[in-house]
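To start, the structure itself, in structure tokens.
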Number of protein chains: 2
Amino acid sequence: MTATTILIVDDEAAIREMIRVGLELAGYECLEASNAQDAHGIIVDQRPDLVLLDWMMPVTSGIELLRRLRRDEVTRDLLVIMLTAKDDEDNRVQGLDVGADDYITKPFSSRELMARIKAIMRRSTNREQEESIEVGGLKLDPASHRVFVDTQPLEMGPTEFKLLKFFMTHQERAYSRGQLLDQVWGSNVYVEERTVDVHIRRLRKALQTDQRDCGLLIQTVRGTGYRFSTTGVCA
Amino acid sequence: MTATTILIVDDEAAIREMIRVGLELAGYECLEASNAQDAHGIIVDQRPDLVLLDWMMPVTSGIELLRRLRRDEVTRDLLVIMLTAKDDEDNRVQGLDVGADDYITKPFSSRELMARIKAIMRRSTNREQEESIEVGGLKLDPASHRVFVDTQPLEMGPTEFKLLKFFMTHQERAYSRGQLLDQVWGSNVYVEERTVDVHIRRLRKALQTDQRDCGLLIQTVRGTGYRFSTTGVCA
DNA sequence: TTGTTTTGTCATAAAATTGTCACCAAATGT
DNA sequence: ACATTTGGTGACAATTTTATGACAAAACAA
């Protein structure tokens, strides 16, 4: 396995353990940062394949960094394994909610860590594309994190953006609410399926301009879910 | 979410928690077994979708059951989530190595459990990569959940869609109303046979376009039922 | 902190789908 | 031709599924 690993901890013991583990990885790096801001910067620079995130960082809590990572288009689909104290169950749940891919309890064996890393890396294969997508009169630019119809920028929340991005990269196919939750929200959160409806509506509304109504691109597939299709409208 | 869940534990608290969680699952079963032998038997019989496996079973250890499951062709790719004690790290690693899909530490929150179950089940729900069927000028695409005649999409309800799909995959053969009810509606519902007539009509109507009348593909077999046949029309 | 935005969930409205009927038309049998 | 059986059709009320507005909690930004 080849992985560049970036580690953010202040726990010396953990670091040593990491390094020991690191030896089993072909090429890894071990970094430190004292706050979420810096850490995020480093991560953006280094583009690691995997982040081992200590929940208790010296200044800020790990959750802030994790949120930051998930919010940022560039680091959104980074693999993040968090390290939590043995009895810190709340944080663990919270961490999974916010979008950690997995967690490991400290102290951990290198064996366990390896197993997890393997599992996780096996699980996630696809890297994201960063080129702007253009469909049905809509242009979505991942870099600037914006959407245009013609040249007019559209306003929408983060979730709507993700939803739209998913749709634009997966056209002409019906998805159930559950699938959308998995794909857009992430598979480790549990929210009502009806929530999807609401966001669909918000997205549709956002896609309405004075000129056109691109919201019609999102079609309801009764009894199934929704579909993004250019058949019919807003060419 | 629909899941038949089989739980093997002797820990009362865990069972209660499971049941609480179980209530959120549509249809689950909770079983107990005191040794790997029995448990394996039960699992083979019941064919559950998911196994929640307590690592510390009364007689044998969970690992034996897990190994057994992984060895048996029939149960090889069952989803197995193991429940481990908080500080039982060795077993956790061992479990993952032997082939558990995930583990949850006791005590666990139902929220965490739900998230995990959901994630695991979604992950393994292998999408039926159904290819689109093309018959008699009609094209039915399961992925987009749509039907086209030429390039024009047709409108129809869910039941009509299922009915058409069945017909297109079972051409040139007459089916009684009862058979159609079984195949399309499902064998465990009771509806009047004449209901089929009505849906046949609705389907026929949906299959009429300005151009052609593909509804004629559905032929009446008097005294018997209906048949889907390309002989005659809408080439 | 405070004010603003985003989010998930509900309650309710709106819309589409469904199963049955009653009645008409066509076919079948005598 | 008449009576009987079987299928076609439009209508309709019940049910199911979606759409929508409102709201409070959470997350954010300042």
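Chain naming here is simple, since letters A, B, ... match the order of the sequence lines and numbering starts at 1 in each.
Proximity of B:Met156 to B:Leu207: side-chain heavy atoms (C-beta onward) are separated by under 4.5 Å at one or more points. Side-chain contact between A:Gln171 and A:Leu217 is absent, with no heavy atoms from C-beta onward closer than 4.5 Å. Within the 4.5 Å cutoff, no side-chain heavy atoms of B:Glu160 are placed close to those of B:Leu164. With contacts defined as side-chain heavy-atom distances shorter than 4.5 Å, the pair B:Tyr190/B:Glu192 qualifies. Side chains of B:Thr220 and B:Tyr226 form a contact here, defined as non-hydrogen atoms less than 4.5 Å apart. Side-chain contact between B:Gln179 and B:His170: absent, with no pair of heavy atoms (C-beta onward) separated by less than 4.5 Å.
By the 6.0 Å contact criterion, CD on B:Glu172 is enclosed, its count of non-hydrogen atoms from other residues, nucleotides or ligands being greater than 12.
Put simply, A:Trp185 has no side-chain N or O that comes within less than 4.0 Å of OP1 or OP2 on C:dT7. For the pair A:Thr220 and D:dA19, the criterion of a side-chain N or O lying under 4.0 Å from OP1 or OP2 is met. For C:dT7, the OP1/OP2 oxygens have a side-chain nitrogen or oxygen of A:Thr159 closer than 4.0 Å.
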- Heavy-atom contacts, protein to nucleotides 20-30 of chain C, under 4.0 Å, summarised as B (base), S (sugar-phosphate only) or - (none) per nt, yield BB----BSS--
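Between A:Ile200 atom CD1 and D:dT17 atom P there is a gap of 18 Å when expressed in whole angstrom units. Rounded to whole angstrom, the span from the CD atom of B:Glu160 across to the C1' atom of C:dT17 amounts to 8 Å. When the C1' atom of D:dA19 is taken as reference, atom CG of A:Leu203 falls 14 Å away, rounded to whole Å. One can place CD of A:Glu155 at 17 Å from P of C:dT4, the figure rounded to the nearest angstrom. Rounded to whole Å, the distance from OH on A:Tyr226 to C1' on C:dA16 is 13 Å. The distance between atom CZ of B:Arg204 and atom P of D:dT9, rounded to the nearest whole Å, is 7 Å. Atom-to-atom, NZ of A:Lys205 to P of C:dT6 comes out at 13 Å; the value is rounded to the nearest Å. Look at CZ on A:Phe161: it is 13 Å from P on C:dT7, rounded to the nearest Å.
Nearest-nucleotide assignment on DNA chain D puts the 5′-proximal partner with B:Asp197, out of B:Asp197 and B:Arg201.
Taking the six-membered ring where the residue is Trp, B:Phe167 and B:Phe228 present parallel rings, their angle staying beneath 30° rather than reaching 60°.
For the residue pair B:Arg146/A:Ser229, the side-chain donor-acceptor check at 3.5 Å is satisfied.
Across the helix from C:dT1-D:dA30 to C:dT30-D:dA1, the helix axis at one end is tilted relative to the axis at the other end by 30° (nearest 10 degrees, each axis from five pairs).
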